[in-house]
**Q** 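Encoded as structure tokens, here's the structure I'll be asking about.
Within every chain, numbering begins at 1; the chains are lettered A, B, ... in the order of the sequence lines, protein sequences first and strands thereafter. Below, each value reflects all heavy atoms present in this structure, side chains not excepted, and no hydrogens, waters or symmetry copies.
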Number of protein chains: 2
Amino acid sequence: MSTRRKFIQSSAIALSIPVSVPIAGFAKNSDGNNNYKKEFLKMGMAGYTFVNYSIEQTIEIMNRVAINNLSVKEFHLPLNSTQEKIDEVLSKFKNGGINVYTVGVIYMRSQADVDRAFDYAKRVGVDMIVGVPTYDLLSYTESKVKEYNIRIAIHNHGPEDKLYPGPKDVYERIHKMDKRVGLCLDIGHAFRAGANLEKVVIDYAPRIFDLHIKDVTAAKADAKAIEVGRGAIDFNALIAVLRKVGYNGSCSIEYEKDMKDVLPGIAESAGYLRGVMS
Amino acid sequence: MSTRRKFIQSSAIALSIPVSVPIAGFAKNSDGNNNYKKEFLKMGMAGYTFVNYSIEQTIEIMNRVAINNLSVKEFHLPLNSTQEKIDEVLSKFKNGGINVYTVGVIYMRSQADVDRAFDYAKRVGVDMIVGVPTYDLLSYTESKVKEYNIRIAIHNHGPEDKLYPGPKDVYERIHKMDKRVGLCLDIGHAFRAGANLEKVVIDYAPRIFDLHIKDVTAAKADAKAIEVGRGAIDFNALIAVLRKVGYNGSCSIEYEKDMKDVLPGIAESAGYLRGVMS
């Protein structure tokens with residue numbers, strides 16, 4: 001919204017018309033074809049959304065909704081993949097117009113798991129892992145972050161999770177660590193866990209590297225996934241606070257409803273977010 | 001947006017917190033499940049969208065995107081249908097949760113066509129026809145509007161149309177007629193014809209009974225249909241001016257792209273509009 005107001009204000013001054021009158025014809029300042037390059041949040045998809053889909057189908061769905069960034073999950077690219085396999089899969093995505101921007105969510109329960117995750121991330125060529133190390137592995141993980149210069153964004157899982165039910169459970173353990181240790185803030189899980197999303201974004205902003213965007217039916221532990229915009233989360237308020245802190249991290253829709261028929265729900269969710277951001 | 005601001009302002013006064021701070025938790029004032037009952041525009045679908053779909057498929061698609069109002073087209077309910085046929089089709093829609101709110105677009109090229117359209121509308125039980133009478137039939141159509149007390153919303157078709165390329169071509173011919181003679185303002189066709197949408201809405205407001213909502217790639221005659229939000233039309237400005245004039249007519253998405261695979265595009269368009277209205 002603010003970009004349009006600025007556009008109108010500068011044009012209004014030029015034309016000497018009252019600021020509140022939109023420019024004739026409503027023609028947006030774009031070529032009219034997929035002008036999402038200028039959006040506030042560069043949108044992506046969280047790979048888990050495609051647990052029931054092949055790589056080819058994933059590419060097709062993402063192209064249909066004009067979303068080009070992907071957090072790739074293990075079922076599309078196993079952690080023990082050879083470099084040849086990695087290159088083959090990345091090639092498929094690249095030829096399909098998809099940019100693999102991170103890997104994960106990867107669970108780490110041993111030092112070997114941590115080693116494997118960072119080696120994998122390096123060979124895939126990303127600068128971030130979305131991961132979940134156990135508490136005792138946090139220091140070791142930090143050492144790998146420094147060794148590889150690959151960030152870790154620790155993902156909160158919701159009230160049923162033993163490790164990181166909410167973003168606070170991540171933040172309080174990592175906020176004094178290397179600045180490349182941060183959060184993947186899962187909006188829906190955080191909301192179900194009773195987090196104050198506005199406060200979380202403001203307080204943890206420098207440590208929020210990635211967002212998993214989803215909507216849920218209520219601010220309750222047993223709430224269900226729903227199309228973005230139909231649930232209980234106020235995305236206008238969320239986008240506003242993200243703008244306020246100047247959020248420039250990544251952001252992925254994670255669609256966990258109708259998981260054998262995800263396209264319409266992803267399309268509606270993406271449309272809704274784009275409408276809110278416009 | 002304005003409903004949320006009012007909600008925050010009243011709550012802020014109650015809680016003595018600064019107006020600019022959103023309520024903790026971002027929980028919207030709803031039950032979190034399909035809260036579209038409270039939307040500014042009551043959304044529908046223009047039947048032509050489903051030219052390649054059966055009644056059953058149409059119901060399924062509309063339920064998927066939570067849109068419940070339909071402007072029914074002849075291929076689903078022929079103009080010469082018996083009352084039995086009409087009741088059967090309306091029953092199907094009703095059992096599927098769909099409200100048939102109007103009929104059309106119906107083309108009228110003779111008095112017989114006009115007679116048939118009004119008889120049909122009466123038997124279907126709607127209070128409005130979206131139609132296109134030729135110029136010489138406008139007076140006769142007005143007489144039928146009065147006889148049946150059924151409104152006619154004349155649909156503008158775009159720059160290639162011989163009769164009503166733009167909303168002005170309708171308005172200038174009907175603005176002194178019975179108040180139940182009005183416009184179905186097709187946003188995309190009007191935009192392609194170079195209309196100033198804001199001025200059209202403000203100037204013709206009392207005569208605008210229905211909207212066909214769509215996006216197009218440019219303000220040019222040869223522009224193509226595209227998912228709402230991806231094109232050149234500024235829907236924030238459109239929604240703002242509709243609110244400004246207190247628009248309380250009906251509104252249907254008419255999706256004319258990928259017409260053999262309409263669901264994802266309808267979902268994205270509906271999501272985008274809902275995001276803009278939020």
**Q** Sub-4.5 Å heavy-atom contacts with chain B: which residues of residues 250-257 of chain A show up?
**A** none

**Q** Can you pull the salt bridge (Lys or Arg N to Asp or Glu O under 4.0 Å) pairs that have at least one residue in residues 41-61 of chain A, sequence neighbours excluded?
**A** A:Glu56-A:Lys92

**Q** Assess whether atom NZ of A:Lys73 is packed by more than 12 heavy atoms of other residues, nucleotides or ligands within 6.0 Å.
**A** yes

**Q** So, for B:Tyr272 and A:Ser278, which heavy atoms are closest and what is the spacing to 0.1 Å?
**A** OH-CB, 3.3 Å

**Q** Can you run down the side chain to side chain donor-acceptor pair (under 3.5 Å) pairs that involve residues 43-52 of chain B, sequence neighbours left out, and say none if there aren't any?
**A** none

**Q** With a cut-off of 6.0 Å (strictly less than), are more than 12 heavy atoms of other residues, nucleotides or ligands near CG of A:Asn248?
**A** no

**Q** Using every non-hydrogen atom in the two residues, find where A:Asp258 and B:Arg64 come nearest and quote the distance to one decimal.
**A** OD2-NH2, 3.5 Å

**Q** Atom CZ of A:Arg230 and atom CZ of B:Arg274: how far apart are they, to the nearest 0.5 Å?
**A** 6.0 Å

**Q** Please list all pairs passing the salt bridge (Lys or Arg N to Asp or Glu O under 4.0 Å) test where one or both residues lie in residues 202-211 of chain A, with sequence neighbours left out.
**A** A:Lys199-A:Asp203

**Q** Which heavy atom of B:Pro264 sits nearest a heavy atom of A:Ala267, and at what distance?
**A** O-CB, 3.3 Å

